[in-house]
Amino acid sequence: MKEKTIFEKIIDREISSDIIYEDDRHIAFLDIFPFEKGHVLVVPKKAYETIFGMPEDEFLDLQKIVFKVVNKVHQKLGGGLNILQNNYKIAGQVVPHVHFHIIPRNEDKKLYYPSDAKYEEGEKEKILEKIKF
Ligand code: 5GP
């Protein structure tokens with residue numbers, strides 16, 4: 001059997017995460033190494049490696065959730081925002097399970113990997129409470 005991705009382990013609650021939204025086909029949670037505070041990953045529960053393997057209707061459903069998360073994050077955290085989606089290692093994909101990055105931009109700095117953004121004590125919980133729905 002194929003080994004579970006880290007995101008399948010999050011979906012199956014084998015590892016913990018800070019979930020902001022969940023339905024029967026999608027989950028959204030805070031990135032563990034945020035580019036900026038409030039960086040969220042939106043993930044389909046069905047494990048496709050890239051969007052190239054996804055049926056169009058499932059991709060469009062996922063985009064609807066991305067749109068909802070984008071609006072929630074922007075409404076609560078303000079500023080600018082990037083939507084980023086990587087396919088294959090050559091394009092920067094590390095976790096082989098489709099996901100969208102929703103990255104609020106409130107600091108004047110470039111995005112680079114690995115990120116040095118860090119939550120102060122209690123700050124992550126406050127942001128989580130704000131953007132959860
Ligand atoms: P990629 O480079 O594949 O587009 O992005 C994968 C993202 O998953 C990275 O931003 C990384 O910080 C995040 N990530 C990797 N492992 C974990 C984890 O165990 N928990 C959470 N919440 N995020 C993770």
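For ligands, and for the atoms within them, numbers begin at 1 and follow the listed sequence. Everything quoted here is computed from the prediction, not taken from an experiment.
Residues L62 and Y88 share a single hydrophobic cluster, defined by chaining ILVMFWY side chains whose heavy atoms lie under 4.5 Å apart. Under the 4.5 Å side-chain heavy-atom criterion for Ile, Leu, Val, Met, Phe, Trp and Tyr, I11 and V95 are members of the same hydrophobic cluster. Hydrophobic clustering (side-chain heavy atoms under 4.5 Å, transitive across Ile, Leu, Val, Met, Phe, Trp, Tyr) groups L77 together with Y21.
Taking the six-membered ring for Trp and the full ring otherwise, H99 and H97 have centroids separated by 6.0 Å or more.
Using a heavy-atom distance under 4.0 Å as the criterion, the protein contacts of ligand 1 are I6, F7, I10, I15, F29, L30, D31, I32, F33, L41, N86, G92, Q93, V94, V95, H99, H101.
Using a distance-only test at 3.5 Å, with no hydrogens or angles considered, no donor-acceptor pair links the side chain of Q85 to the main chain of I51.
Classified by interplanar angle (parallel below 30°, tilted 30° to 60°, perpendicular above 60°), the ring pair F7/F29 is perpendicular.
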